[in-house]
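This structure is a prediction, so every number in the text was calculated from the model and none was measured.
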Amino acid sequence: MKNLIRLGSIMLLAIISITSCKKEGRPLNLNLTAVGNLASPDDNTNVVLDPTSDASVLFKWDAATDTDGGLVLYEVAFDKEGGDFSKPVYKVVSDKGGVDTQIALTHKALNKIANTAGIAASSTGKLKWTVIASKGTNVKIASVSRTIQLDRPAGFAENPTELYLTGSATEGGTDLSKAVKLKQTEDGVFEIYTSLTAGDYILTDKNTDGGKQYYIENGIIKAGSTPITVSGAKKTYRLNFDFTSATSKSMEIQSIGLYMSAYGTEIGTLNYIGNSTWEAPRVDVEFYQFSWGRDERYKFIVHTAAGLEYIGSSNANNDPPAGKPASYFYVWPVTNDQWNNTYKFDPSADRANVKVDVMFKPDAYTHKVTVN
């Protein structure tokens, strides 16, 4: 019994001690006054957007005021010209995670915002902008706003990162999983060497369901599922699609010639066999005898409907191919110079016949020479 009384006394003292150590709390101060002044850009500033550049526009404002110097976060809100910011078309936190009283928005970002607000490509429109300050659950919209006018260029606000051709006119047919992938040569710019036959095709950014679709109308790329109709006999093309300018181009490719520098002429013809590949199954090769030795240099001539184009090495001069990396065989647009930007046959190709393939695949434009 004494032990129980002693234990109870200890517990009572502990409770009294803990209670006496508790400090009196105070409510969090959420007092906040909205931003009262916008510093830049000036009202009705006009910006001619160039999304391909690094240019930006600085949005800056005076700090909101609070009574205890607590943390205030900021967002810039954009709305249509007649909007009241009750449902902004776009919001973005300021620099440094919302702490700074400014943010630099690139032309590319502003182009996307303009697109979200319904300003069409190749047109001009106005947006209102203001600043939203927040401290905890207390949110204050600035008492002032300004207007910015944006001139949008041609092209898309958001470029696809992948692009495919699908449809009855394509090599992959209507099976979307077999859609033909294009090579991305730079941001928003795609290219493919492929054949088209009578039928139709569409462009899509996915080879699965749910992708964004595009079509061509009078050389202009447009969003939508309208099929592109192809008529006539099967032909091989180089197709280019530039989403930064919303333009497309096509060029018929008739054949590719194997050009040997020392002879100054083509010694073989590569024909299209499908899957972005040209092939010459058998070409007789004989190096040219000069006083200093036998010359083995070569490159390629692309025969197009508009004339001749030359493709070859990115190096002006090359060594023989043995032991060279895959990049040695990459093909690039080059000049018609007889000697520069050529490759060299392996010595085993002299007085033999070779199989030559040129492949324009999405991962690399390259070629292969096999001694038969």
Side-chain angles (χ1 to χ4, degrees), residues 165 169-171 180-183 185 189-198 201 216 219 228 230-242 247-288 295-316 318 321 328-345 349 353-370 372:
L165 296 182
T170 71
E171 293 182 11
V180 185
K181 187 176 182 179
L182 283 77
K183 178 181 177 65
T185 58
V189 182
F190 298 86
E191 182 175 83
I192 189 171
Y193 288 76
T194 191
S195 64
L196 294 173
T197 190
Y201 71 91
I216 310 300
I228 304 159
V230 179
S231 59
K234 181 179 181 179
K235 292 182 180 179
T236 307
Y237 298 93
R238 178 179 62 227
L239 304 176
N240 296 88
F241 303 98
D242 186 346
T247 57
S248 69
K249 294 186 296 184
S250 67
M251 178 62 68
E252 182 187 349
I253 307 297
Q254 299 161 337
S255 65
I256 297 178
L258 175 59
Y259 174 85
M260 198 157 181
S261 298
Y263 294 102
T265 190
E266 297 174 39
I267 63 169
T269 299
L270 288 74
N271 294 310
Y272 189 69
I273 61 171
N275 197 23
S276 302
T277 301
W278 277 257
E279 182 177 274
R282 181 186 176 96
V283 179
D284 293 328
V285 175
E286 182 172 355
F287 298 172
Y288 189 88
D295 193 275
E296 68 272 57
R297 285 173 283 182
Y298 70 94
K299 57 184 173 182
F300 300 96
I301 299 178
V302 181
H303 294 253
T304 79
L308 302 181
E309 300 176 1
Y310 289 75
I311 55 175
S313 173
S314 59
N315 301 319
N318 267 324
Y328 175 94
F329 300 95
Y330 290 175
V331 294
W332 306 90
V334 297
T335 71
N336 62 354
D337 184 275
Q338 184 175 357
W339 305 105
N340 289 334
N341 303 105
T342 54
Y343 312 93
K344 289 186 176 181
F345 284 113
N353 61 73
V354 298
K355 175 175 173 289
V356 185
D357 295 277
V358 173
M359 296 84 74
F360 295 97
K361 300 298 182 66
D363 55 341
Y365 288 177
T366 188
H367 79 285
K368 183 179 181 180
V369 176
T370 306
N372 293 326

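- Of the inter-residue distances, the one linking N341 atom CG with T335 atom OG1 reads 5.5 Å to the nearest 0.5 angstrom.
- With contacts defined as side-chain heavy-atom distances shorter than 4.5 Å, the pair V230/Y201 qualifies.
- In this structure E309 satisfies the salt bridge (Lys or Arg N to Asp or Glu O under 4.0 Å) test together with R238, sequence neighbours excluded.
- By the side chain to side chain donor-acceptor pair (under 3.5 Å) test, S313 pairs with N318, sequence neighbours left out.
- Screening M359, H367, K368 against T277 for a side-chain contact (heavy atoms from CB on, under 4.5 Å) leaves a single residue, M359.
- Expressed to the nearest 0.5 Å, how far OG1 of T304 lies from CD1 of I253 amounts to 5.5 Å.
- Every residue two or more places apart in sequence or in another chain that forms a side chain to side chain contact (heavy atoms under 4.5 Å, CB included) with P321 is listed here: Y328, F329, D346.
- Within the 3.5 Å criterion, the main-chain N or O of Y237 finds no donor-acceptor partner in the side chain of E252.
- Residues L196 and L239 have side chains in contact (heavy-atom distance under 4.5 Å, counting atoms from C-beta outward).
- Not counting sequence neighbours, K183 has no partner by the salt bridge (Lys or Arg N to Asp or Glu O under 4.0 Å) test.
- A search for side chain to side chain contact (heavy atoms under 4.5 Å, CB included) contacts involving K355 returns E279, D357, T370, N372, not counting sequence neighbours.
- A pairwise comparison of heavy atoms in V354 and A349 identifies CG1-CB, 3.9 Å as the closest pair.
- Note that the CG atom of N240 and the CE atom of M251 stand 9.0 Å from one another [nearest 0.5 Å].
- No donor-acceptor pair under 3.5 Å is formed between the side chain of K181 and the backbone N or O of L165.
- Partners of I301 under the side chain to side chain contact (heavy atoms under 4.5 Å, CB included) rule, at least two apart in sequence or in another chain, are Y259, E266, H303, L308, Y310.
- One side chain, E171 or S195, offers a donor N or O that lies under 3.5 Å from an acceptor on the other.
- If you look at Y193 and Y272, their ring centroids are not closer than 6.0 Å.
- Using cut-offs of 30° and 60° for the angle between ring planes, the F345 and Y298 rings count as parallel.
- Looking at residues two or more places apart in sequence or on another chain, you find no side chain to side chain donor-acceptor pair (under 3.5 Å) involving S248.
- With K234 contributing its side chain and A169 its backbone, the two residues share no donor-acceptor pair below 3.5 Å.
- Not a single ring-ring contact (aromatic ring centres under 6.0 Å, His included) links F241 to another residue, sequence neighbours left out.
- Side-chain contact check for I267 versus V285: some heavy-atom pair is nearer than 4.5 Å.
- Between S276 atom OG and E191 atom CD the span is 10.0 Å, to the nearest 0.5 Å.
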For the pair N315 and Y343, evaluate side chain to side chain contact (heavy atoms under 4.5 Å, CB included) and give the outcome as yes or no after the intermediate values. CA-CA 9 Å; N315 301 319; Y343 312 93; over 6 Å; no
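- Taking the side chain as every heavy atom from C-beta outward, T269 and I256 never approach each other to under 4.5 Å.
- Remark: D295 pairs with R297 by the salt bridge (Lys or Arg N to Asp or Glu O under 4.0 Å) rule, at least two apart or across chains.
- Nearest heavy-atom pair, G257 versus L270, reported as atom, atom and distance to 0.1 Å: C-CD1, 4.5 Å.
- Residues satisfying the ring-ring contact (aromatic ring centres under 6.0 Å, His included) criterion with Y263, sequence neighbours excluded, are Y288.
- Ring centroids of F360 and W278 are separated by less than 6.0 Å, placing the two rings close together.
- Applying the salt bridge (Lys or Arg N to Asp or Glu O under 4.0 Å) definition to pairs two or more places apart or across chains, none involves residues 254-264.
- Looking only at side-chain heavy atoms (C-beta outward), V334 and N340 stay at 4.5 Å or farther from each other.
- Enclosure of atom CH2 in W332 is not indicated, since only 12 or fewer non-hydrogen atoms of other residues, nucleotides or ligands lie within 6.0 angstrom.
- Contact detail for V331 and T366: the closest heavy-atom pair is CG2-N, 3.9 Å.
- For the side chain to side chain contact (heavy atoms under 4.5 Å, CB included) test, no residue two or more places apart in sequence or in another chain qualifies with A198.
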